[in-house]
Amino acid sequence: MTGIPFKENTVVVVFGASGDLATKKIFPALFGLFREKYLSKTTKIYGFARTQMSNEEFKGRIKGFFQTPTEESKKLVDQFLELCFYHSGQYDQAEGYEELTKSIEKFEAERGVKEPHRLFYLALPPGVFVPVAERVKKYCHPGDKGIARLVVEKPFGRDLNTAKLLQSKLAPLWKEDELFRIDHYLGKEMVKNLIPLRFANSFLSACWDSRYITSIQISFKEPFGTEGRGGYFDNIGIIRDVMQNHLLQVLTLLTMERPVSGEAESIRDEKVHLLKAVKPLNKDDVLVGQYTKSEDGKKPGYLDDKTVKPGSKCITYAAITLEICNERWEGVPIILRAGKALNEGKVDIRVQFKETKNGIFKHVARNELVIRVQPDEAMYMKMNTKIPGVSHSTTTTDLDLTYSSRYKKFYIPQAYESLIRDVLNDDHSSFVRDDELEISWSLFTPLLEYLEGPEGPTPVPYAYGSRGPSLLDDFMVENGYVFQDDSGYQWPVTTPQSPGESKM
Ligand SMILES: NC(=O)C1=CN([C@@H]2O[C@H](COP(=O)(O)OP(=O)(O)OC[C@H]3O[C@@H](n4cnc5c(N)ncnc54)[C@H](OP(=O)(O)O)[C@@H]3O)[C@@H](O)[C@H]2O)C=CC1
Ligand SMILES: O=C1O[C@H](COP(=O)(O)O)[C@@H](O)[C@H](O)[C@H]1O
């Protein structure tokens, strides 16, 4: 790792510039960094893709997704677009890369750049990564006279073998410290907050183990289906799409041991250490589903998507229970669950604590720490207090940290803004390391082979807009979660119960 930040006269090239990710996330993230003055005005930004379009068409496409919260920021859009240039070329032919490099070298010469700093972002489908990475290295890398960084998107392969193959092709070309495997969940505010939360609060670290915690849930819910992108999703499924990467990243940060330092390799060492302690996934501790049309018939089922192969058994919902075989977590069931076409959009973490020993208070609700990654970042600890007023009974309430009210004046970057800034600063701590990737695939591949093999279960149907498969609650209880009578508890405001509250 050079540790050298890219500041002035940096060149950024986004491959796949005509695509969904580049248009909706990457260029808006670059604009966000420019707006917040984390990206210099001396930067030159290229979009590269096969699609033929003019510079103006390209700029018109990308600016539609820029966040301009103030009148002032609206004025910055044109300034930013002045830095952007579109370059059309084929991914498998030298010409486009050679022309691109000529333009880059001309820019660097005009600016008197002695040590080129070039950031290459592959916003491309996985099948195109290697051909482009090979040619970028051959035609666009500044060699020893400069520094190049390559950002590669998930999915890194689709199982252990393809991930190893991908790595074997990238490793000879790009050094590990030039490579940034991005999982954008690692750029989300509440995910970045997990390390400070756990290791800067003694009250939490004192109870953060199986002596006090009886179950952990990490949930990913989306209120929409594949919406015509079934062609992509049908070969992936929800487990590859968000569980083997996003949810597993959240799990490692939530449960790993304290790193010896805040340095990238110390953090990533502990993530790898944790993953090595996860027991092989048990095919009997899995619930899988596929959405059907909504109850009112207005929303289509997965198989109604014309881009999906007829009769597909693709999994659009999964709940998986796993266990970490180490002193801290042995015996604590951890449920990862993720689904498309559900009743809401939400990503949260729910840590349930042991029940209070019966004493002067009987059957009080268990404490739960809930961390909401999105929407509306928040974290709250459900706890029991005396009902205000003359009553001596208890009620469930919470210690609540809602970012939108507590941190009104803070600028919270989008995930991709935060991570691209880390790449510019050569900070690898929020990126996926090669050994971490291999262990995560070795964990999920046997389960995927079973689920997608002849013995695999038929996904349980669930209606678009529902909470998921009807067996979900039973699955949760069988896997250690205790549903509680939270009657009267309504986050974030607890309203008084009916008058004449029962006294102690
Ligand atoms: N979209 C999202 O929200 C997210 C995407 N990702 C990952 O980012 C990567 C890019 O995703 P996304 O932008 O949605 O992908 P797209 O399907 O939009 O493809 C991006 C661009 O790549 C080119 N392309 C598409 N298919 C091919 C092909 N078969 N051969 C060569 N070029 C092709 C096209 O550009 P042209 O034809 O003009 O060259 C297209 O505009 C993927 O790996 C995805 O998993 C990760 C997180 C979220
Ligand atoms: O990687 C992916 O993530 C998105 C969800 O990202 P979010 O930041 O909107 O939560 C998911 O929709 C997509 O299918 C998947 O490829």
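It should be emphasised that the depicted structure is a prediction, and the values quoted were computed from it without experimental measurement.
Taken to the nearest 0.5 Å, the CG atom of Leu248 stands 11.5 Å off from the CG atom of Leu254. Note that CD1 of Ile236 is 11.0 Å distant from CD1 of Ile238, once rounded to the nearest 0.5 Å. Here NZ of Lys299 is found 14.0 Å from OG1 of Thr292. Values are rounded to the nearest 0.5 Å. In this structure, Cys314 SG and Asp234 CG are separated by 5.0 Å, a value rounded to the nearest 0.5 Å. To the nearest 0.5 angstrom, Asn384 atom CG is 5.0 Å from Thr396 atom OG1. Rounded to the nearest 0.5 Å, atoms CZ (Phe431) and CG (Leu437) are 14.5 Å apart.
For Arg372 (side chain) and Asp376 (main-chain N/O), a donor-acceptor pair under 3.5 Å exists by modelled atom type. Of the possible polar contacts, one joining the Glu227 side chain to the Gly225 backbone as a donor-acceptor pair under 3.5 Å is found. Judged purely by atom type and a 3.5 angstrom limit, Trp441 uses its side chain to pair as donor or acceptor with the backbone of Phe156. Here the side chain of Asn326 pairs a donor or acceptor atom with the backbone of Trp329 at under 3.5 angstrom. Proximity of a side-chain donor or acceptor of Thr252 to a complementary backbone N or O of Gln249 within less than 3.5 Å is detected.
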Check: residues 32-40 side-chain donor-acceptor pairs under 3.5 Å, at least two apart:
{"from": "Arg35", "atom 1": "NH1", "to": "Gln67", "atom 2": "O", "distance (Å)": "2.7"}
{"from": "Ser40", "atom 1": "OG", "to": "Glu8", "atom 2": "OE1", "distance (Å)": "3.0"}
{"from": "Ser40", "atom 1": "OG", "to": "Thr42", "atom 2": "N", "distance (Å)": "2.9"}
{"from": "Ser40", "atom 1": "OG", "to": "Thr42", "atom 2": "OG1", "distance (Å)": "2.6"}

Please tabulate, for the side chains in residues 180-197, all donor-acceptor contacts under 3.5 angstrom to protein atoms that are two or more places apart in sequence or on a different chain.
{"from": "Arg181", "atom 1": "NH1", "to": "Glu176", "atom 2": "OE2", "distance (Å)": "2.8"}
{"from": "Arg181", "atom 1": "NH1", "to": "Val432", "atom 2": "O", "distance (Å)": "2.8"}
{"from": "Arg181", "atom 1": "NH2", "to": "Gln167", "atom 2": "OE1", "distance (Å)": "2.9"}
{"from": "Arg181", "atom 1": "NH2", "to": "Glu176", "atom 2": "OE1", "distance (Å)": "2.8"}
{"from": "Asp183", "atom 1": "OD1", "to": "Tyr185", "atom 2": "N", "distance (Å)": "3.0"}
{"from": "Asp183", "atom 1": "OD1", "to": "His246", "atom 2": "ND1", "distance (Å)": "2.6"}
{"from": "Asp183", "atom 1": "OD2", "to": "His246", "atom 2": "N", "distance (Å)": "3.2"}
{"from": "Asp183", "atom 1": "OD2", "to": "His246", "atom 2": "ND1", "distance (Å)": "3.2"}
{"from": "Tyr185", "atom 1": "OH", "to": "Gln374", "atom 2": "NE2", "distance (Å)": "3.4"}
{"from": "Lys188", "atom 1": "NZ", "to": "Gln374", "atom 2": "OE1", "distance (Å)": "2.6"}
{"from": "Lys192", "atom 1": "NZ", "to": "Ser418", "atom 2": "OG", "distance (Å)": "2.8"}
{"from": "Asn193", "atom 1": "ND2", "to": "Tyr403", "atom 2": "OH", "distance (Å)": "3.1"}

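Taking the side chain as every heavy atom from C-beta outward, Trp208 and Ile213 approach each other to under 4.5 Å. Between Tyr464 and Tyr302 the shortest side-chain heavy-atom distance does not fall below 4.5 Å. Gln290 is not listed as a side-chain neighbour of Tyr317, based on a closest heavy-atom distance of 4.5 Å or more. For the pair Thr395/Thr385, a side-chain contact is recorded, criterion being any heavy-atom separation below 4.5 Å from C-beta on. Looking at heavy atoms from C-beta onward, Lys382 lies in side-chain contact with Tyr380 at the 4.5 angstrom threshold. Between Ser466 and Asn343, every side-chain heavy-atom pair lies at or beyond the 4.5 Å cut-off. For the pair Lys154 and Gln244, the minimum side-chain heavy-atom distance is 4.5 Å or more. Proximity of Leu443 to Leu281: side-chain heavy atoms (C-beta onward) are separated by under 4.5 Å at one or more points.
The pair Glu344-Lys221 meets the salt-bridge criterion, with a side-chain N (NZ, NE, NH1 or NH2) lying under 4.0 Å from an Asp/Glu carboxylate O.
For Tyr46 and Phe58, the ring centers sit 6.0 Å or farther from each other.
Pro469 and Val460 get closest at one heavy-atom pair: CB-CG1, 4.0 Å. When all heavy atoms of Pro223 and Gly345 are compared, the pair lying nearest together is CD-CA, 3.5 Å. Scanning both residues, Glu323 and Gly331, for their nearest heavy atoms gives OE2-N, 2.6 Å. Of all heavy-atom pairs spanning Ala49 and Ser18, the tightest one is CB-OG, 3.6 Å. Here the closest non-hydrogen pair linking Arg158 and Arg240 is O-NE, 2.6 Å. The two residues Gly262 and Ile267 make their nearest non-hydrogen contact at O-CD1, 3.5 Å.
Lys386 NZ: more than 12 foreign heavy atoms inside a 6.0 Å radius. The neighbour count for Lys44 NZ, taken as heavy atoms of other residues, nucleotides or ligands under 6.0 Å away, is above 12. The local environment of NZ in Lys74 is crowded, with over 12 non-hydrogen atoms from other residues, nucleotides or ligands closer than 6.0 Å.
A cation-pi contact, defined as under 6.0 Å to the ring centre and within 45° of the axis, is absent between Arg467 and Tyr462.
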Stepwise ring pair (Phe, Tyr, Trp, His ring centres under 6.0 Å) test for Phe66 and Phe31: CA-CA 7 Å; Phe66 292 177; Phe31 172 71; 4.7 Å; yes
Mind running side-chain contact (heavy atoms from CB on, under 4.5 Å) on Arg198 and Met256 for me, showing each step along the way? CA-CA 10 Å; Arg198 285 193 53 206; Met256 72 186 201; 4.0 Å; yes
Could you give me the CA-CA distance, side-chain angles and deciding distance for Lys25 and Gln414, then say whether side-chain contact (heavy atoms from CB on, under 4.5 Å) is met? CA-CA 9 Å; Lys25 305 268 181 163; Gln414 299 293 315; over 6 Å; no
Pair Leu336, Leu322 - check side-chain contact (heavy atoms from CB on, under 4.5 Å), show working. CA-CA 8 Å; Leu336 305 184; Leu322 55 85; 3.8 Å; yes
What verdict does the side-chain contact (heavy atoms from CB on, under 4.5 Å) test give for Tyr416 and Tyr121, after you've listed the backbone C-alpha separation in whole Å, the side-chain angles of each residue and the deciding distance to 0.1 Å? CA-CA 12 Å; Tyr416 279 101; Tyr121 198 116; 3.1 Å; yes
Could you go through Asp426 and Arg149, starting from their C-alpha distance and side-chain angles, then the distance that decides it, and tell me whether this counts as salt bridge (charged side-chain N to carboxylate O under 4.0 Å, His left out)? CA-CA 8 Å; Asp426 200 28; Arg149 291 169 188 158; 3.5 Å; yes
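In summary, the side chains of Arg337 and Gln217 do present a donor paired with an acceptor at a separation below 3.5 Å, with no hydrogens or angles considered. A donor atom on one side chain and an acceptor atom on the other are found under 3.5 Å apart for Ser73 and Thr70. Thr214 and Arg366 share a side-chain donor-acceptor pair at under 3.5 Å. A donor-acceptor pair shorter than 3.5 Å cannot be found between the side chains of Asp285 and Thr321.
Legend: residues meeting salt bridge (Lys or Arg N to Asp or Glu O under 4.0 Å) with Arg350, ordered by chain and number and at least two apart, are Glu368.
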